Amino acid sequence: MIKDIVLFEIEEWAQQKLSDCEAGHDWWHIIRVRNNAKLIHKREGGDWNVILLAVLLHDIADTKFFDEVESLMLIDQKLQEYQIDQTTIDHVIKIIQNLSFSKQWTENSFSSLELQVVQDADRLDAIGAVGIARAFSYGGHKDRDFYNPDISPQEYRSQEEYRSSNSPTINHFYEKLLLLKDKMNTKTGSSMAKERHRFMERYLEQFFNEWGSNDEE
Ligand code: ADP
Ligand code: NI
């Protein structure tokens with residue numbers, strides 16, 4: 001067990017690091033992912049210390065906002081300072097390195113139950129009503145159109161291509177968000193994803209109804 005005071009200090013550190021991130025990747029994202037992870041862990045098991053630390057620290061090394069190598073070194077140092085055992089630290093770091101959707105194009109040999117739980121918990125926060133809010137928040141932050149009927153969704157071939165894309169936020173639903181339901185790792189995650197997925201489908205249907213025809217009369 002990690003002492004409460006240690007957890008509290010790690011949380012404070014992570015919260016401070018995320019304070020400049022846009023609303024979809026702020027501390028509330030971490031709190032929601034922790035809640036999802038708790039539910040999944042209850043049914044699927046795994047080492048809760050590893051899961052919790054990975055949840056708290058996963059976005060500090062997000063390549064959208066930070067330098068990954070430098071951040072992973074900082075996390076390693078920080079956890080050593082608190083005398084977390086090295087096996088736990090190494091596992092947490094491996095999870096953080098392999099978590100992101102954008103890592104699907106990188107050679108990747110690591111997997112563990114704990115990674116699967118954290119990844120499902122993080123992905124659940126990317127879909128459903130909250131997922132929709134986060135997508136538009138990120139799109140706005142990047143100054144992207146929310147929809148442009150002249151630009152079709154794309155299939156990316158690399159992390160660089162995915163990250164440098166400027167496609168409208170509605171396209172992101174087709175490029176990522178609607179694909180997540182079938183990429184969930186655990187049974188629990190997969191069943192939690194279903195309702196959120198249906199909600200996004202209903203949302204898009206309404207969106208396109210309201211948008212109407214593109215033909216100019
Ligand atoms: P991961 O968290 O797996 O690294 P991403 O970095 O692709 O995944 O995105 C995390 C969240 O940021 C997404 O779920 C979405 O809410 C938002 N986001 C990322 N890229 C885009 C985009 N191109 N358009 C809209 N939202 C995005
Ligand atoms: Ni996240």
Side-chain angles (χ1 to χ4, degrees), residues 11 14-15 17-18 20-38 40 51-68 71-72 75 92 95-106 108 110 114-148 151-185 189 193 196-197 199-200 203-204 207:
E11 279 180 27
Q15 188 167 5
K17 285 253 163 215
L18 295 176
D20 288 336
C21 293
E22 57 86 36
H25 289 84
D26 63 1
W27 186 245
W28 293 111
H29 165 62
I30 305 298
I31 291 177
R32 292 189 302 268
V33 175
R34 183 172 60 187
N35 290 338
N36 294 339
K38 241 185 227 164
I40 301 172
I51 294 171
L52 179 59
L53 288 174
V55 166
L56 295 176
L57 301 170
H58 78 276
D59 269 343
I60 288 179
D62 189 322
T63 53
K64 288 193 292 309
F65 308 107
F66 302 98
D67 179 88
E68 189 181 2
S71 300
L72 292 173
I75 290 171
V92 168
I95 293 176
I96 298 174
Q97 272 176 318
N98 288 284
L99 200 63
S100 171
F101 183 75
S102 65
K103 291 292 168 72
Q104 63 183 301
W105 296 280
T106 348
N108 174 350
F110 179 77
E114 289 76 7
L115 164 68
Q116 293 182 338
V117 171
V118 178
Q119 193 168 53
D120 280 4
D122 192 34
R123 286 178 169 175
L124 282 168
D125 204 53
I127 61 178
V130 169
I132 294 172
R134 290 182 71 215
F136 286 108
S137 170
Y138 187 79
H141 169 73
K142 288 281 187 180
D143 217 9
R144 292 184 184 154
D145 289 349
F146 60 79
Y147 180 50
N148 182 339
I151 305 175
S152 317
Q154 299 176 45
E155 245 184 70
Y156 300 104
R157 284 158 305 176
S158 68
Q159 186 176 25
E160 291 67 40
E161 219 178 80
Y162 174 69
R163 283 280 185 246
S164 59
S165 160
N166 238 338
S167 71
T169 302
I170 287 288
N171 292 19
H172 191 63
F173 285 77
Y174 298 93
E175 292 165 354
K176 174 184 175 188
L177 308 185
L178 291 167
L179 310 179
L180 292 179
K181 167 180 75 73
D182 294 329
K183 288 182 181 284
M184 302 302 282
N185 304 298
R196 295 179 191 221
H197 182 87
F199 186 79
M200 289 194 297
Y203 171 78
L204 289 168
F207 182 95

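Start at 1 and go down the list; that is how both ligands and their atoms are numbered. Bear in mind the structure is a predicted one, so any value in this text is a computation, not a measurement. Residue indices begin at 1 and follow the sequence shown.
In this structure, E175 has no heavy atom closer than 4.0 Å to ligand 1. In this structure, Y162 has a heavy atom closer than 4.0 Å to ligand 1. Proximity of K142 to ligand 1 is not established, as no heavy-atom distance is less than 4.0 Å. Assignment of R123 to the shell around ligand 1 is not supported, since no heavy atom sits closer than 4.0 Å.
The protein atom (non-hydrogen) at minimum distance from atom 6 (O) of ligand 1 is K64 NZ, 2.4 Å. Protein heavy atom closest to atom 25 (C) of ligand 1, with residue, atom name and distance, is A135 O, 3.4 Å. In this structure, the protein non-hydrogen atom closest to atom 9 (O) of ligand 1 is K176 NZ, 3.2 Å. In terms of protein heavy atoms, atom 27 (C) of ligand 1 is closest to Y138 CD2, 3.1 Å.
Residue contacts with ligand 1, taken as heavy atom pairs separated by less than 4.0 Å, involve H172 solely via side-chain atoms from C-beta onward.
Considering backbone and side-chain atoms together, R163 places an N or O closer than 3.5 Å to an N or O of ligand 1. In terms of N/O distances under 3.5 Å, ligand 1 is not approached by S102. Looking at F101 next to ligand 1, an N or O pair under 3.5 Å apart turns up.
In this structure, a donor-acceptor pair under 3.5 Å is absent between the side chains of S167 and Q154. E22 and H25 share a side-chain donor-acceptor pair at under 3.5 Å.
In H29, the N, O or S atom that comes nearest to the Ni ion (ligand 2) is NE2. Taking the Ni ion (ligand 2) as reference, the nearest N/O/S atom within D122 carries the name OD1.
For W105 (side chain) and Y162 (main-chain N/O), no donor-acceptor pair under 3.5 Å exists by modelled atom type. Side-chain atoms of S164 come within 3.5 Å of backbone N or O of E160 as a donor-acceptor pair.
In summary, the atoms of ligand 1 found under 4.0 Å from a heavy atom of H25, numbered by their order in the structure, are 10 (C), 11 (C), 12 (O). Distances below 4.0 Å separate heavy atoms of A126 from the following atoms of ligand 1: 14 (O).
Among the backbone and side-chain atoms of D125, no N/O/S atom is found under 2.8 Å from the Ni ion (ligand 2). Here H25 does not reach the Ni ion (ligand 2): none of its N/O/S atoms is less than 2.8 Å from the metal.
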